[in-house]
Amino acid sequence: MVLYMTSVDPQLLKELQGRGLVAQTTGGDALQEYLSGASRTLYSGFDPTADSLHIGHLVPLLALKRFQLAGHKPIALVGGATGLVGDPSFKAQERKLNTPEVVAEWTDRLKQQVSRFIDFECGSISAEVVNNLDWVGGMSVLDFLRDVGKHFSINNMINKESVKQRIDREGEGLSFTEFTYMLLQSLDFAELYQRHGCTLQIGGSDQWGNITSGIDLTRRLHGGQTFGLTMPLVTKADGTKFGKTESGTVWLDPAKTSPYAFYQFWLNTADADVYRFLRYFTFMSLAEIEQVEAEDREREGRPEAQRRLAEEMTRLVHGESGLTGAERITAALFEGDFLALDEGDLEQLKLDGLPFSLLERSALAGEPLTQLLVDAGMAAAGKQVKDALGREAVFINGSPKSAEDNMRVPECFAPEQALHGRFYICRLGKKKYHLFEVR
RNA sequence: GCAGGGGUUCCCGAGUGGCCAAAGGGAUCAGACUGUAAAUCUGACGCGCAAGCUUCGGAGGUUCGAAUCCUCCCCCCUGCACCA
């Protein structure tokens with residue numbers, strides 16, 4: 001019997017702290033004791049504010065996995081209800097509401113995404129995915145106001161740091177709708193406590209206020225003791241926002257951010273951030289990360305850490321095949337001579353997710369190169385391409401193009417210049433590549 | 001509803017009749033230097049290859065000429081009132 005008892009890793013909390021993943025906890029030492037005592041159930045919420053999660057969601061998502069690996073049962077809550085309302089925490093302004101249909105669709109997609117990261121087939125600690133619309137959707141306003149609202153003090157709520165700036169700030173307001181968000185999230189915790197015996201909520205540090213109020217509500221409604229743990233929001237040393245590139249958010253959905261782009265994102269991590277990110281995001285042991293760091297210090301020049309980070313993260317999110325593809329493209333473009341690639345290689349790069357466009361030769365004449373590259377997504381505006389042309393920063397199959405070539409697109413894509421009769425690799429600047437096929 | 005304040009290009013924020021496609025900062029892109037870093041310097045940064053076109057909450061109006069003045073409307077903020 002005892003053989004099948006799930007054993008928990010008593011070092012979990014220490015490990016998380018060592019990784020810098022703990023911002024705040026409730027209960028102090030009691031939490032450490034609680035987590036090492038037995039297998040517990042915990043949850044983290046993800047609101048459907050888009051049709052995919054992005055890398056900002058990885059910290060709590062992977063934390064669920066870390067807890068599961070340590071012997072606890074994770075629940076991923078997808079906010080079909082809370083997504084309809086919008087969390088005001090630390091948001092500078094009121095957000096526009098999405099329609100119920102849209103939110104419902106996004107909820108389904110997030111459910112699927114989230115499911116890839118946690119294990120559903122491991123006995124008593126198998127993960128679950130729940131939707132808070134299941135219990136909020138059918139609740140009447142009056143029940144909500146009497147049973148939930150009654151336990152909240154406005155005096156208390158308006159003093160929460162998370163909404164303070166919205167209340168204090170000139171020019172921005174806070175609607176009742178968003179103000180109510182905290183009650184919904186608190187109710188989630190209380191419900192999960194009752195339904196699943198969930199006693200710990202984790203989230204980003206912006207969720208502290210929502211989590212603690214959920215703990216209060218659970219105690220008031222059900223008399224249960226629960227805990228909260230928040231993780232730091234990922235910041236960058238240079239102060240710019242984490243998770244954005246020029247083309248926008250880095251999504252987990254390969255259809256929105258290709259594994260190659262995803263790989264490149266991590267590869268471009270600043271030195272000042274990279275070891276911290278290895279600890280935040282990967283499952284490499286702390287000892288191993290330290291070793292990488294030590295070796296990088298010894299070696300002159302380029303650190304190995306970024307490559308490791310990119311490798312680990314791409315494998316984690318896009319699997320072994322996604323990683324292989326990303327590495328193939330990277331090697332072809334940045335390390336090798338892509339002019340020497342054979343036809344099969346080029347076809348493979350296309351499949352691997354190298355940005356690609358198919359052009360008709362007959363349509364080339366008369367169109368400026370600027371327009372062509374903007375359409376291909378290589379630049380946001382023609383001006384940028386023009387600027388690059390003026391600096392000899394645009395290359396097609398290795399040959400530099402100048403401002404005079406702008407209106408000579410057919411010559412730029414001359415048949416005799418093509419690789420294997422139809423391929424052209426265009427480079428803009430040092431990092432942006434695009435594969436064109438002209439037929 | 002009343003009174004007062006306000007809505008400027010991705011963000012912050014100057015600009016109160018021509019010199020404004022609109023200062024400055026941030027973000028972003030490109031170049032140099034590098035390691036597909038950082039820092040720094042340089043250039044770009046409404047759209048357009050260009051001629052040119054379109055902007056300053058919206059619609060009208062005054063004027064040779066408006067982001068700037070007038071009218072109406074919409075939205076936000078602050079206070080008061082309303083909450084029988």
Side-chain angles (χ1 to χ4, degrees), chain A residues 91-96 165-176 178 235-250 260-278 292-293 295-311 326-327 329-336 338 354-355 364-395 400-412 426-434:
Chain A
K91 299 282 188 321
Q93 47 185 224
E94 184 94 8
R95 290 190 289 177
K96 59 202 174 314
Q165 65 183 69
R166 272 284 278 287
I167 289 173
D168 293 347
R169 185 174 173 177
E170 188 88 10
E172 291 298 340
L174 178 61
S175 71
F176 181 74
E178 284 197 0
T235 55
K236 292 205 294 176
D238 65 8
T240 56
K241 199 167 163 48
F242 169 77
K244 297 275 184 193
T245 64
E246 58 157 315
S247 38
T249 306
V250 180
Y260 163 67
F262 188 83
Y263 181 90
Q264 285 287 323
F265 168 81
W266 294 104
L267 195 65
N268 281 298
T269 304
D271 290 4
D273 296 319
V274 72
Y275 304 102
R276 199 160 44 95
F277 287 4
L278 281 172
V292 171
E293 191 167 1
E295 284 170 7
D296 280 343
R297 256 199 310 270
E298 292 297 309
R299 191 177 329 112
E300 290 292 308
R302 190 170 187 186
E304 177 68 5
Q306 280 87 347
R307 221 214 82 248
R308 276 306 295 276
L309 180 63
E311 177 189 331
E327 285 178 334
I329 298 175
T330 299
L333 298 181
F334 292 94
E335 286 151 34
F338 56 74
L354 178 64
L364 292 181
E367 189 173 21
L369 197 52
T370 45
Q371 186 62 48
L372 195 74
L373 300 196
V374 168
D375 289 347
M378 293 190 77
K383 279 254 169 65
Q384 288 179 8
V385 178
K386 201 186 155 197
D387 182 49
L389 282 170
R391 293 154 184 281
E392 212 174 80
V394 177
F395 298 81
K401 299 300 162 201
S402 68
E404 291 78 59
D405 293 315
N406 190 32
M407 292 309 290
R408 295 203 293 248
V409 172
E411 288 87 336
C412 292
C426 178
R427 184 183 125 199
L428 192 164
K430 268 182 293 200
K431 298 185 198 174
K432 274 181 283 197
Y433 289 89
H434 196 95

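Residue numbering restarts at 1 for every chain, and letters A, B, ... go by the order of the sequence lines.
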For B/G43, does either OP1 or OP2 sit under 4.0 Å from a side-chain N or O belonging to A/Arg391?
no
Under 3.5 Å, is there a donor-acceptor pair between the A/Glu335 and A/Thr330 side chains?
no
Quick one, A/Asn406 with A/Lys401, criterion side chain to side chain contact (heavy atoms under 4.5 Å, CB included). Give me CA distance, side-chain angles, the key distance, then yes/no.
CA-CA 8 Å; A/Asn406 190 32; A/Lys401 299 300 162 201; over 6 Å; no
Under 3.5 Å donor-acceptor pair, [X] side-chain atoms to [N] base atoms:
{"X": "A/Asp387", "N": "B/G31", "answer": "no"}
{"X": "A/Lys241", "N": "B/U28", "answer": "no"}
{"X": "A/Gln306", "N": "B/U36", "answer": "no"}

Closest listed nucleotide, where the reference is the side chain of A/Gln371 and the choices are B/C49, B/A44, B/C29:
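The closest nucleotide is B/C49.
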Side chain of A/Lys383: nearest nucleotide among B/U36, B/C49, B/C47?
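For the A/Lys383 side chain, the nearest candidate turns out to be B/C47.
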Parallel, tilted or perpendicular, judged at 30° and 60°: which one describes the rings of A/Trp266 and A/Phe277?
perpendicular
Nearest-Å distance for atom pair [atom1]/[atom2], residues [X] and [N]:
{"X": "A/Leu428", "N": "B/U36", "atom1": "CG", "atom2": "P", "value": "18 Å"}
{"X": "A/Leu389", "N": "B/A50", "atom1": "CG", "atom2": "C1'", "value": "14 Å"}
{"X": "A/Phe176", "N": "B/C83", "atom1": "CZ", "atom2": "P", "value": "21 Å"}
{"X": "A/Lys430", "N": "B/C29", "atom1": "NZ", "atom2": "C1'", "value": "13 Å"}
{"X": "A/Asp273", "N": "B/U36", "atom1": "CG", "atom2": "P", "value": "19 Å"}
{"X": "A/Asp405", "N": "B/A50", "atom1": "CG", "atom2": "P", "value": "16 Å"}
{"X": "A/Lys386", "N": "B/G43", "atom1": "NZ", "atom2": "P", "value": "16 Å"}
{"X": "A/Asp271", "N": "B/U36", "atom1": "CG", "atom2": "C1'", "value": "12 Å"}

With rounding to the closest Å, how many angstrom separate the P atoms on B/A23 and B/C72?
32 Å
If the C1' atom of B/G26 is compared with that of B/G35, how far apart are they to the nearest Å?
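That atom pair is separated by 27 Å.
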A/Ala380 vs A/Thr240, nearer the 5' end of RNA chain B by closest nucleotide:
A/Thr240
Walking RNA chain B from its 5' end, the first of A/Ala381 and A/Lys236 to be reached, judged by nearest nucleotide, is A/Lys236
Which part of the nucleic acid, if any, lies within reach of A/Ala237 when heavy atoms closer than 4.0 Å are counted: base, sugar-phosphate only, or nothing?
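Touches nothing.
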May I ask you to say what A/Thr330 touches in the nucleic acid, namely base, sugar-phosphate or nothing, with a heavy-atom cut-off under 4.0 Å?
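If one applies the 4.0 Å heavy-atom cut-off, A/Thr330 turns out to touch a base.
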Under 3.5 Å: donor-acceptor pair, side chain of A/Asp405, backbone of A/Ser402
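Side chain of A/Asp405 to backbone of A/Ser402: a pair is present.
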